[in-house]
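Beneath this line is the structure, given in structure tokens, with notes to follow.
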Amino acid sequence: MNAESSPAVRLRAVSRAYPGVVALRDFNLTVLPGTVTALVGENGAGKSTVVRVLSGAERPSHGTVEVGGQDTTGQGPARARRAGVRVVHQELLTVPAMTALDNVFLGQPILRFGTLFDTRRMQRRYAELAAMLDVRIPANKSARALSVAEAQSLEIMRALQGKAKVLVLDEPTASIPLGERRRLYEIVRELKRRGVAIIYISHDLDEVLDVSDTVAVLRGGVKIDEKPADGWTKPALIRAMLGRTPQAGIKGGAGQLPLRSNEPALEVQRLRVSPQSAELNFSVQRGEIVGLAGLVGSGRSTILACLAGLRGPSAGTLRVSGQAVRWPGSPAAARRCGIVLAPEDRKHQGLVLSLPTADNLDLPTMRTSSRFFIRSDREALKRAASSAAQVGLPSIMLRRRALNLSGGNQQKAVLGKWISEGAPVFLVDEPTRGVDVGAKQEIYSVLRKLADTGAAVIFVSSELEEVLEHSDRVLAVRNGAIVRDFGYSVPDSHTLLAALFGQDPEPEASPAENEIAPSRANERTSK
Amino acid sequence: MTPQTAPAPNEPRSILARLSTGSRSVGLRYGMVLLLAILVVGVSTAESSFLTQSNLLNLALQWAPVAIMAVPMTLVVIAGGFDLSVGGTYAAACVLYAYLGTGGHWGSSEALLVCAAMGAVIGLINGLLITVLDVNPFVATLGTGYIVRGLALVATGGIPVIMTTTSFTNLGSDSVGGVPIPVWILLASLVVGAFVLSRTVYGKQIYAVGGGEEASRLSGLKTRTLRTSTYALAGVAAGVSGAIIASRLSTGDSTIGAGIELQVITVVLAGGIALSGGEGAMWRAAVGLGVLAVLGNAFDLMQLSTFWQSVVTGAVLIAAIALDRFGKRQGLADQTTPTMFISTSSGDGFTAPGDRSTAPSSNEGPNPTDKELV
Amino acid sequence: MTPQTAPAPNEPRSILARLSTGSRSVGLRYGMVLLLAILVVGVSTAESSFLTQSNLLNLALQWAPVAIMAVPMTLVVIAGGFDLSVGGTYAAACVLYAYLGTGGHWGSSEALLVCAAMGAVIGLINGLLITVLDVNPFVATLGTGYIVRGLALVATGGIPVIMTTTSFTNLGSDSVGGVPIPVWILLASLVVGAFVLSRTVYGKQIYAVGGGEEASRLSGLKTRTLRTSTYALAGVAAGVSGAIIASRLSTGDSTIGAGIELQVITVVLAGGIALSGGEGAMWRAAVGLGVLAVLGNAFDLMQLSTFWQSVVTGAVLIAAIALDRFGKRQGLADQTTPTMFISTSSGDGFTAPGDRSTAPSSNEGPNPTDKELV
Amino acid sequence: ACGNGSGSGQAASDSKRIAVFQPTNTNNYTVTEIKGAVDAAKSNGYEVDVFDSEFDAAKQASQVQQATDAKRYDGFVIMASGAPGTVCTQIQNAMRAGIRVAMINQPACDPAYGQNEYANPMKGTSFTGWQSPKLFQEYFEAAFKANPEGGEYAVIAPPAAHQNFGRVKAALDAVAAKHPQWTSVGFVPGDYLTNTALAKTAGVIAAHPNLKLLFSLYSGMTDGAYAALSSAGHADTVKIIDWVSEVQGYARIKSGVYQIGFTGLPYEEGYRGTQSVIAQITGKDEFQGVPAFGFIDLSKDPKVAKLGFEVKATNVEQFQNAGFPELPDQPATLKVANPF
Ligand SMILES: Nc1ncnc2c1ncn2[C@@H]1O[C@H](COP(=O)(O)OP(=O)(O)OP(=O)(O)O)[C@@H](O)[C@H]1O
Ligand SMILES: Nc1ncnc2c1ncn2[C@@H]1O[C@H](COP(=O)(O)OP(=O)(O)OP(=O)(O)O)[C@@H](O)[C@H]1O
Ligand SMILES: [Mg+2]
Ligand SMILES: [Mg+2]
């Protein structure tokens, strides 16, 4: 660390207003070369706004942006890039129609003679970057076929290509697997050693404290505090972010079983999510939260998708509340069987962003509650308000478009859609991804409330801690199959991880390496 | 946590801001309505004959086929779709109606139903191509349009079919209560369309599908059925319009209505309905129709060259949609949302600044974070 | 790098699977090429006159205006856009060229340049409307199309302009090396277009913009400039085509080319290029052109009713795009991805997934991060 | 330069071949006209091929070029598809290749378009037509005379791109000057299509409810104009003056729905044009009384020598007895040809 060197990034009195919202107000930030500055704050605090302003994606309403001493205020992403800014944005920004390699070199191809593509060097460089990050995506794979995690890795590769002076990582680890996370930390340290200025944004406070030199806390668009990382503790950070001490959520936790009955709400037999995968047999009782733990890409979402009628399983039988039902072929059919899903991609699968939140909450119920198919708005608003109250969504949000809600509120709306349904089976996929600490607690309490009212909840999350803490029972998923049922005894995270990585001595576990996703399997062998 | 610290310095400015936003919002949101009003006032001042009943009825009669098709086209566009095949269906229905009007076996109302049914079938095919085969709506309907018009040409050999059963001309020429039947059909479509869109479950589902197909599907909506239904309705309307024009001309002409599909879409777009789906309203289509009809009439009344009409139509189209886009960028997004929640309560619908209530505000009172900010 | 470590038990199945996937992939990817081949073989068997030089040259000459416009339209579509204004520009350029050919002050090549420049200006306006005002391309170009054609009508009063300078007819009727000039222009556009799309940085950027505008913008591409440039090119092509047709007809007719924009787009789509952008290739547009031209010629040569032609065109269009969609759903996305980085060195360039020995980290130097990271 | 002997040196058989170019196969008038041409060719022992350009001038230019390149035709009979002059270059190429050309309905390569009396069609060709400026003058004159009271009138004119647009305008200007009691409230270019005429007339009548007289310059358009007037409730108050009356037009003249109609001679147009090209091919000055070159003015044709063109309720039966109208109710479309 060289405190004498001139700052790599300097934001002076930057403000950015959106209609109705001041997302950033009088924000000052100086980042020196060779340091890591973390930005933390709850959802909507303005962290990504800092990134967008710095990277030239948006023009600040007031204030100046300097990169390496040059003024780049509002001159667009190309200018910022020339000044050495490399960004991994929070939203996924891959071009689906292009290959992985093209995506990495998007806007920064390696050229021969200044005009022709130097394919060989790009391929070599791609391989280097991939090895560095421990990423195994073939260079010619279409980005369309990538999982979220893989796409995220590509974006990190893109940011690492070329000569970065400033590297901005906006929630880079929100959806990448553990192994890659560790590699990323190493790379961050390595880059720091080389004098790159790094801005790091994450909701994982342990990670933040681990990686960064300085931590700045934002709240409501204003920088509340900035201190060296050693000056912070996790509780202090949370207090600063929220402006108060968080209320303890209603703690469920594995093993504490207030209302669990012995009535199975969901029984799944001989389910194969794809022709190659192993059979799944499991059941969920009323009143319990079952956590599906798995690594990224292990097939948890696929299992939920089969149950919710999003994709046909290749085999299996299903009983809901003791009744044998035909396997649902559509979400509408699943809902009739009593199975509802809060999907993982809330922006595309969860909400109609152009509609007001109230309409979103009312979407599943309006048909059944309407008389002669004619809507009563007052009734609808009433229904929406009661759902909103149950999930802790402020009622002022009801009139806003879903588009304009923060991530946490959007997630509450996704849960709220189904809350009044009283469905016996409630599937919840990654409800806390990218959601701040406070909202997470509220979401956990909503899930527990659901279970308490007699629903069977299946809960998927990539945060192992979270699964362990908030489920009554944990199932380990690997390659599209349940490799271990831990029952009502809490596994420690080491045992769980071992099961997830397939180092488990369980007899029935570990189907062949590449049996889950046929398209991937083909790709592997065809090279 | 002191609840008294109201953000005093902000209040006056925010009221001002709200007001100015309000008037700008009206200007942007109702820009086309304003244009229509200006046009109506201007033309009726310049030409006293404009506001006569006979002129207005004639105008309505003249635009009836396009307008009748514009009503379900509004649904198609709001549901995120597009239909270029209505021109072909229109021509085919025109021929079919005239053909049924030569034999004498069919009554004219049965013939109308047959035309509507044929339109529905074509619409269904469009819908299936688009939702099941996943063909882009533009391409699918361009294709079926070619096919249907081609079949109409083949069936007639391109030669007009002259209707002989005289009762078949009633549909296009008779009046009920002084208003021609096609105008009644047009008014009925508009009213029913507006009601369906704004007051029924189906209408709201159309908005939902257009605004986010995947989310709607996961909410249990039958998105394929919904989208297909809009194309079927567009087909029915094209069938009815084709029958009307055949009846008015007492001739079935397979070459009729070349380019009428673009006219229909122009009407919808001139109202400021975005092609991206999920937004819009029937009154907007009606306003678009009004602007184009009055403009055309003005050109006729004032004996201006009809060539300028094309120029002006183009300008109106661009202005309408630019106004809409500009409005959205100015953050009036919430106000243009097609929801009764918002439009019926425009007073308080404005978003309060600061989406900060994200914080776990379990208490209903003012959000604590607000205070420490200002 | 141990080439022997093949996953043995998988091999036989995977080869079979690969083959079947392979043949299906070829069928889907090259479906339109197959159709073209079948058509060519069929028609030339049935009609020996088809493959004569005179017929083919005439065919090319006849299709030259549409084809010349289809080349930049391919760029427009791949960049995620759409241009309905080329018909208007075509008519305006036709009038302008003829007008310049009446005075005698201008040479015909200057006139051609003036037409191209006018087209470029119209294209720029389209591009600015679309990228700066953020108007939907369909609406913007429909609007400017109306305006430009209207202006052409107004300028001429709808009355044809008859060219008097005889040298002005050379562009449309002279031949160089036995091939008419318009056909040379068409061939040159196709070749240059294919080269630009597949081999240049600009081409790759067009794919990127169409495939993901926001991602491209944030990666530092000038997406507005890129998109605008495609419209400008489309305008230039429409200007040149308009001049060609004026020269061939020795007349400037402002009503010419009604609906030609849909023909141009049909050509592009018939090649199987998706309207959603980001994908496609120039050879696809050429194949689409070939299929439509040969079909039309077949109808003429075999004396079939041209009415059926419309039906068949529609069917071809739907088939082409359904094939493309179906191919994508079958997971053939990789093959249709326009990547030349990889295709140029198909032999050894692939990074095997999970086979990290491909990464040259071990042999190329001690630590990969040392090299270009900082 | 074009006068040396037979045009096509290598005609394989003794039978000669004529190509007829038609703008559209979906219009009664053109279909009748081309039928006349085909009949004339066949009855004189000529092979004949018909090309349809679907109202596309560029396509017609290609067809003429292709037929020239095919080197198997001795003569062309051309009804131009688009604006005047649109196939001019191709016609000149054909003539250079020794092919004889007769234009029908619209002359080709006519720089003085719209003004002249057709007296001098392009050298080396003939032009056959009946719609002369003089006849258009008679047409307007007849209507104004029959309705001396005066008032507002409107014209649904031919397409602006069509030669007759200019001729009609010139004729009207000349006649209207003599009838100051009549005021024009619209001279609207149509496109010969019924639907367009309906829309345009609806616009005119909505704007000018006091309209007294409506000229419609093609019976296909008159159907639409009448539909517009009757649905606006003005069928009784507006007198309709039709042009080129068809079967329906005759019926309506008879029943008084149309006041006047001018009958058309499409069949003769095609027939005489073909006779003229035969005269050129055979190297004679005339064939069956039709000259090889120059303007063949059908307003002097024997078929209308006695009756003239003006059809009214009083003389409609005389016309019908003389074989009018020429436009059949539903003519069969013609088979289009392969140029090779
Ligand atoms: N395009 C936009 N239009 C309107 N408001 C916006 C827009 N983008 C962001 N906002 C608002 O600006 C505020 C700050 O958003 P920002 O994305 O910077 O938050 P963040 O701290 O990154 O949150 P998260 O942790 O959820 O990513 C929020 O209130 C958000 O709703
Ligand atoms: N549409 C698709 N095309 C190709 N592969 C897919 C597709 N969807 C899922 N996969 C693959 O199937 C596997 C299982 O994915 P799934 O989403 O069910 O896993 P997950 O455990 O929920 O992981 P994630 O954390 O990514 O959501 C992954 O390897 C993924 O890459
Ligand atoms: Mg963020
Ligand atoms: Mg998942």
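Naming: A, B, ... by sequence-line order, numbering from 1 per chain.
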Exercise. Among residues 308-318 of chain C, which residues come closer than 4.5 Å to chain B, judged by heavy atom distances?
Worked result: W308(C), S310(C), V311(C), T313(C), G314(C), A315(C), L317(C), I318(C)

Against chain C, label [X] side chain, backbone, both or neither, depending on which of its atoms sit under 4.5 Å from a heavy atom there.
| X | result |
| --- | --- |
| A322(B) | both |
| L151(B) | both |
| L142(B) | both |

Seminar exercise, completed: Max heavy-atom pairs within cutoff under 4.5 Å with chain B, candidates G157(C), A140(C), G145(C), goes to G157(C)

Seminar exercise, completed: Residues pairing under side-chain hydrogen bond (donor to acceptor under 3.5 Å, both in side chains) where one sits in residues 141-152 of chain C, two or more places apart or in two chains, turn out to be T266(B)-Y146(C), N126(C)-T144(C)

Is any side-chain heavy atom of [Y] closer than 4.5 Å to one of [X]?
| X | Y | value |
| --- | --- | --- |
| T74(C) | I273(C) | yes |
| E213(C) | R227(C) | yes |
| E214(C) | L218(C) | yes |

Problem set entry | Residue selection (most heavy-atom pairs with chain C, distance under 4.5 Å) from V154(B), V148(B), V135(B) | V154(B)

Seminar exercise, completed: Ranking L262(B), L84(B), V139(B) by heavy-atom pairs under 4.5 Å to chain C gives rank one to V139(B)

Is a side-chain N or O of [X] found less than 3.5 angstrom from the main chain of [Y], in a donor-acceptor match?
| X | Y | value |
| --- | --- | --- |
| Y231(C) | F82(C) | yes |
| T156(C) | G158(C) | yes |
| Y90(C) | V66(C) | no |

Seminar exercise, completed: For A79(C) and V209(C) the tightest heavy-atom approach is O-CG1, 4.1 Å

Seminar exercise, completed: All heavy atoms of L323(B) vs all of M32(B), minimum pair found to be CD2-N, 4.1 Å

